Structure formats: structure tokens, C-alpha cells
Amino acid sequence: MLAAMVKEAARPTIRWIHVVKVDGALAFRAGKRGKDMIAQWPGLGTLTCARDGSAAKFSPAAGASGRAIGKLQGAQVRGLLRDLTGQLTVHGSAVAVDGRGVLFLGADGAGKSTAAAEMCRRHGAQMFADDAACLEVGEASVSLVPCEGDHWLTHASRLALGLPHPRGAASRDKRDVRASNVGREPCPLALVVFLRFNSAVEAAELRPLRGREAARLLLEAVIRFDLEDGAARGRELEQLTTVYNCAAFFELMRPLRDPGGVASFVSHALRGRNS
Amino acid sequence: MSATAGNWKHGRVRCADSVHARLFDEELVILDLAKGEYFSLDPIGARLWSGLNSGQTVEEVAQGIVAEYDITAEVARADLVALGDELVAQGLLVHDEAAGQRA
């Protein structure tokens, strides 16, 4: 017992550098403990790894559901580890339409997962990501990399898409649906659509985003682990510049009552990119 | 306050070592690694930034803007100086010692 206490006392303390709260409750935090990086999702699990992303270990929290852990590992955990190896990952969903990548960004609840599911289930798109979209950024090219194969949808989203909601699941709970057509190979990114609900608009509106407005939305979407790594953040800004130069950016604002209807706007935006 | 804050209008300035900047079309996004903060500038601000970083004085940048926009030299100079003051105060631009030695 004494030995264990001494060992605990000698352990470096955690310095939290990034804390996210939702409705006042801790939802996520990331920090450093000695030479290790640490990320914690209360009730779900803890990720530890070296500063270069090696020796990664995810420890599930007691009682956490296997499905929720699987989603976390396939999206957020993957994104954090990719950040440590210089790869760009953004919080968003992604699909491919006729070999062209479409990335959906937006705040939580903006309809990113629903948009991807609508594109895949009704319009033959390939699924690439539901929550964390992986990007391969070259000198003058950007590709989407397929990394998730499940849609995670709320009751309302399932209703809009004509899908049954599992019995016993709360209406706000997101439940997984296997995508019918999952991407296998990277494809060039063509379009970035920032989704927003706005009860003040009568009908959906699509408008181009340019310059710093597009840059700000990209910056807000990046999944970062080591916020104090200046070299990584500088590299990230270069990567985002390439993303901006390689894709068309739009904002799609929709009335709250209409969560669907994304496909026609995506088609319109892609046609505009062809002309 | 550094010496740069007072004399930047007459000397040469450059981007601080901890700062990265990238153009998104004509607008500039600036990342200050020291503070972990992002800033952005409109096309005119981006012109000031690139002009100062390429060795122009604020007066020279103002002349270029007056030639292109419907604006008087006085107004252009005052707006650019105000923005330059802010960029220096934020530590994004610093006095270019090397430029002084080269001159």
C-alpha cells in the first residue's frame, strides 16, 4: 500500500490545456502528463500516447457502451492521433459523389450526419466520414480518405430519411446505421458545405463562402491535440490554405423544419464547379 | 511597450518570428503561435501587411491604395497607421533590426 502511494505521488501531474464543456458539464479535455499526451472523455474513456502519437492506448471508462467507444475511437481518437503525426482531420461528415469529395461542416446539431446519410441512402453517394473527416493534403491537392462506415442519426433524422429508430433509444440519442456504400479509396475534395439551421429563413439558401470567412470555419473544424505545438499549428495553416485553394466553399442555411434537402444544393454546387 | 510601437511608421517592420500568415484569396489569416490566436485582415489590411513585410513604408502602401481606390491620401494614411499600430501592439509586427543594418 505504501509502495503504491509513493509511486502515485511520483507520477507527473496532468496539465490540462484544452477543456470543452457542454451545458456546464465536462465533455472533453486534453493535456500533458510529463512526456505523454492525454485526452479524456468522461464516461467514455481516456487516451494516452507519446507526443508523436506513438504508443497510443485507449482505456474505456467503466460501463461505457461498446458502440459509443467504437464511434469515439473511429472518429475523435483517430483525429487526435492524426494531428500528432501532421495529418489534417476536421470535425465533419464526408461523402463522395461521382468520385468527387464533399465535406459537410457545421456546429453540433447542424445536420452533418443527416446530410451524409441523405446523400448516401437516396443519391448513391459513397460514405467517407460521419464525425471526423480525414484529409490527405499534398502540395497542391487534397483528398478525402474514407475512415468511417456508419451513419449516426437521431430519431428526427431517421424519420426524415424514412428509417426506423431502435426501440428503447431516446429521441436525442444518435444510433448507428451501416452505410450501404462505403468509400474504399481516397478521392479528391471538390466541395465544402457549411451547414446551418436558421429559423428566420423561409427556404434553404446556398451562398458562396470566400476568404477569411471560409478560413474561420475551417479553423474551427480542425481536430487538434497539442495546441502548444507551434510547428504543428503553422503546418496546419498551410494545409488549410491548400484545402481552400482546392475546393469550392458554400454555406447552406436551412429552416429548422426542413432537415433534409441537401442533395439538390450539392448537385447545384458541383455543377457550378464544372462550369 | 517595445520601441517598435513608437517608431514603426518611420522604420522597417517584419512579421514576428512566432507569426504565420497565409492569403485566402485577397484576405489574410494570421496565426500567432506565441498566443495561440488567429487574426484576419481584409484586402486592404492584407495589402498593408504584405507591403510592410516586403520593405515598404506605410506611406508607400498608402500611395498604392490611393491610386486604386476613391480615397484621399490623408484618410488612407490614417486608416493604415491605425491598423499598423494595432498589429504592432498585438506583437504581430516587430521592428526589423536587420533592415536597419542593411540600410
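Just so we're on the same page: letters track the sequence lines, and every chain starts at 1. These numbers were taken from a predicted model, which means no experiment stands behind them.
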>> I'd like to verify something: which residue of A:E213, A:E238, A:R216 has the highest number of heavy-atom pairs under 4.5 Å with chain B?
In response: A:E238

> Would you call the rings of A:F249 and A:Y244 parallel, tilted or perpendicular if under 30° counts as parallel and over 60° as perpendicular?
Replying inline: tilted

>> Less than 3.5 Å apart, any donor N or O on the side chain of B:D32 or B:Y38 sitting next to an acceptor on the other?
In response: no

> Using a distance-only test with no angle check, is there a side-chain donor-acceptor pair under 3.5 angstrom linking A:S113 and A:D130?
Replying inline: yes

Chain B contact via [X] - side chain, backbone, both or neither, heavy atoms under 4.5 Å:
X	result
A:E236	side chain
A:L219	side chain
A:R224	side chain

>> Can you tell me if B:E59 has over 12 outside heavy atoms packed within less than 6.0 Å of its CD?
In response: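 Above 12, so yes.
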
